[in-house]
Each structure stands twice: as structure tokens, then as C-alpha cells.
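Presented below is the structure to which this report refers.
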Amino acid sequence: MHRRAALGLIGLAGLGAALRPAFAQMHQKTLVMIADMVATPWSDLMAKGLRQGGQSYFLNTSLIGPESPEPSRQAALMQRLIDGKDAPVDAIALMPLATAELAPLVQAARDAGILVITVQGEAIATRSWDIEPVDPAAFGVRLMQALAHEMGGRGKYALYVGTLAMPSHRLWADAAIAHQKANFPAMTLAAPRFPDGLERAAASRITADVIEAFPDLGGILAFGESGAVGAGKIVAARGLAPQIAVVGMALPSQARELIMAGAIRRAFCWNPIEVGNAIAAVCGMIFTGHGLHTGVEIPGLGLADINLAHHLIHADRVIEIDRGSLPGLITEGL
């Protein structure tokens, strides 16, 4: 992990130096990211990465987003940027909460000459490029395999996503459920997926309800940055860690106590700082005419798989968090 991070920094420094003459000849451009939510540890780290990448690629960056995971609020922010209500923007990065509401606005932004980079938005075909920090199908399968291991391959489980319409979470959940049905037939999904994975308090509330409704619940699989932490808090408070396996996404600093207590059995993430850096890098490379193709190293992502036909950038930046890796990951700022 440390070696890969070091190599990424070396690559960034080298590419930044190579592009510096081009930046010197261009007007500083503005990149605004619309996150799924703001004022969260995840979005704060993403903003930090955007700033770092912006400095290297001569971009003025900022991060905005709704205070709750509502696609309509993302859409309103997107429309405001397109209309130039505050200041002109050259690029928009979007982590979409839904496809139907946002795809037309992505097209409208492009029609207005704005570069649009989606993050975890492969389903939005109108974007300029999409960045996927993890392979969607493989990520869903990996977390389901972890849950199945912790549950002994049998029993009822609940599944959380950020929102029911969130394109990346739908893909992850679909892949996880399909893998469970094909490989762990003794496991069953207790109820349809719950849209509570982005807000810790909401995840805690639904976990309390699910435990009451399904006394024999054996596991919770949580997609979304706060789902596992919200679930783990209720499991820990009720002394149910030995009976209910919580597996899901979390930042190490947020999940530390619950992981150490066994209330979160397995946790996964990727580095939001790296992803923010990569967003700025992709914008900077496009603005300066440097082509994106397989073999090009993207700061924050490394040698990603670049699909020119579909304008997709796929990487494999999954970090598995356990008691042994916690201290180092927290030291790195996660």
C-alpha cells in the first residue's frame, strides 16, 4: 500500500512537471464537483484530493453537494452551475444519486461547453468520461463473499444502499445478490434493499427496525460510506456482534472502535483523496490535449483501464480494513 502510494506521487510529480509549460500558456480553469452529500468525512477527503490535483493541474477546484442524499437537490445544483449563477465553470464532476434526473442535465452541461466527469456514474451515457474507482461487479461480489464467510454461508441478511436509484450502488447490490443466489443458496435476503447507506443516523434507525422485524437476522451488507458504521453501532449497543455479521463500506477512522470490538467484521473502502486527485488529473489532461488511453498513468488511479469507445476509466483501488491495517490507514489520513 505504501509503495503504491509512493509510486503514485512520483508519477504525479513527473506528469505535472511535463505539463507545466502547457499550463503556463492557459487561463486557469474552474472545476466544481457535486458530491452525493457534503459535510461528511468522505466528501471532506474528496475535496482535499481535488485541491491537491488542482494545484498540480492549474485548476480552481471546489466541492458542493446536498446535505441529504436527494437527487432533486443535486439536479438543482447542476442547473445552477450550467446557468452560471455564481461564476462560469469549465468542468463539473458529478457523483450521481440517480440517473433519470441527472442524465438530461449532464447533456445540457455538455451542450453548454462544460466538461462533465462522472464518478461511479457509468450508467449516465451523456457524460464526457466516467471514473470507476472499483470494478462495479467485482466489488459487489467481493463484499458478498466477505459476508458469506462471516455468516458461514447460511442465514438471513439485510442489504443497504445509498439510494435505491444510485447507479453505482444498484450495480454493486445486483452483483452481490446474484453471487449469493448462485453460490450461497442457504443465505436469503430478508427484505428488499434499504436506502440508508449514506447517513449514519438513518442506517442506525433502519438497523434497529430490521433487528426487531427479523430476530434471526445473521448479517448486514452495507453499501454507502456510513451504512456499516450506523449498523455496527446498533449491533454493538445491543450486544449482538457475535450473532450479526456487519460487512460493508467505511473509512478506517470512522469504523475503528467498531472493528476493534467486532461489531463490524469486515470493512472496505478506497481512498477519496486519490479519487479527488484523479478527477482533477483527468480534467487537466483533457484541457491540455493529452490523450487518455491505456498505458497512461493517472495520478490517484495508477495504470487504470481506459476504454476509449465508452469513455470509461476503471481502476481497482479497493482497500480492505482489518485490525492489522487500521493504524497505518488512519496515519495516512483515512
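None of the values given here were measured: they were computed from a predicted structure.
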Under the salt bridge (charged side-chain N to carboxylate O under 4.0 Å, His left out) rule, what do E212 and R238 come out as? Steps first, then yes or no, please.
CA-CA 12 Å; E212 292 297 325; R238 299 194 178 188; 3.1 Å; yes
Interatomic distance, CZ@F287 vs NZ@K29, rounded to 0.5 Å, equals 5.5 Å
Separation between CE of M46 and CD1 of I273, rounded to the nearest 0.5 Å
10.5 Å
Path from I92 to I286 over hydrophobic side-chain contacts below 4.5 Å:
no
Close side-chain approach of R127 and Q107, heavy atoms under 4.5 Å:
no
Separation between CZ (F184) and CE (M151), nearest 0.5 Å, reads 10.5 Å
Just do the side chain to side chain contact (heavy atoms under 4.5 Å, CB included) check on R317 and N271 with the steps written out, would you?
CA-CA 8 Å; R317 308 300 286 184; N271 190 331; over 6 Å; no
Might you work through the side-chain hydrogen bond (donor to acceptor under 3.5 Å, both in side chains) test for T207 and Y160, ending with a clear yes or no?
CA-CA 10 Å; T207 300; Y160 303 168; 2.7 Å; yes
For residues I279 and M95: do they belong to one hydrophobic cluster (side chain heavy atoms under 4.5 Å, members Ile, Leu, Val, Met, Phe, Trp, Tyr)?
yes
By the ring pair (Phe, Tyr, Trp, His ring centres under 6.0 Å) test, which pairs, at least two apart or in different chains, include something from residues 315-334?
none
Would you give the length of the straight line joining atom CE of M37 to atom CG of L97, rounded to the nearest 0.5 angstrom?
9.0 Å
Could you go through L59 and Q28, starting from their C-alpha distance and side-chain angles, then the distance that decides it, and tell me whether this counts as side chain to side chain contact (heavy atoms under 4.5 Å, CB included)?
CA-CA 6 Å; L59 300 173; Q28 186 175 36; 5.7 Å; no
Would you say R110 and T126 are linked by a side-chain donor-acceptor pair, where the criterion is simply a distance under 3.5 Å?
no
Shared hydrophobic cluster, I298 / V116 (ILVMFWY, side-chain heavy atoms < 4.5 Å):
no
Would you kindly confirm whether V282 and L45 end up in one hydrophobic cluster when ILVMFWY residues are joined by side chain heavy atoms under 4.5 Å apart?
yes
Where at least one partner belongs to residues 137-163, residue pairs that pass salt bridge (charged side-chain N to carboxylate O under 4.0 Å, His left out), sequence neighbours excluded:
R142-E320, E150-R265, E150-R266, K156-D216
Would you list the pairs meeting ring pair (Phe, Tyr, Trp, His ring centres under 6.0 Å) in which at least one residue belongs to residues 226-276, sequence neighbours left out?
W42-W270, F139-W270, W172-W270
Not counting sequence neighbours, list each pair that qualifies as a ring pair (Phe, Tyr, Trp, His ring centres under 6.0 Å) and has a residue in residues 233-263.
none
Pairs flagged by ring pair (Phe, Tyr, Trp, His ring centres under 6.0 Å) wherever residues 306-334 is involved - sequence neighbours left out:
W129-H311
With side chain to side chain contact (heavy atoms under 4.5 Å, CB included) as the test, would you mind laying out the steps for D90 and I114 before giving the verdict?
CA-CA 5 Å; D90 302 287; I114 300 170; over 6 Å; no
Gap separating the CD1 atom of I34 from the CG atom of L77, nearest 0.5 angstrom
5.5 Å
Might you confirm whether atom CD of Q79 has over 12 heavy atoms from other residues, nucleotides or ligands at distances under 6.0 Å?
yes
With a 4.0 Å cut-off, would you call D36 and R73 a salt bridge?
no
Determine, step by step, whether L164 and R193 satisfy the side chain to side chain contact (heavy atoms under 4.5 Å, CB included) criterion, reporting the C-alpha distance in whole Å, the side-chain angles of both residues, the deciding distance to 0.1 Å, and the verdict.
CA-CA 8 Å; L164 295 178; R193 62 194 73 173; 3.7 Å; yes
Between the side chain of N307 and the main-chain N/O of A309, is any donor-acceptor distance below 3.5 Å?
yes
Assess the side chains of S168 and Q120: does a donor N or O sit below 3.5 Å from an acceptor N or O?
yes
Salt bridge (charged side-chain N to carboxylate O under 4.0 Å, His left out) involving R51 - partner list, sequence neighbours excluded:
none
Hydrophobic clusters here meaning ILVMFWY residues chained together by side-chain heavy-atom distances under 4.5 Å, can you tell me if L329 and V229 are in one?
yes
Counting C-beta onward and ignoring hydrogens, is there a side-chain heavy-atom pair between I259 and I321 closer than 4.5 Å?
yes
Interatomic distance, OG@S253 vs CG@L326, rounded to 0.5 Å, equals 9.5 Å
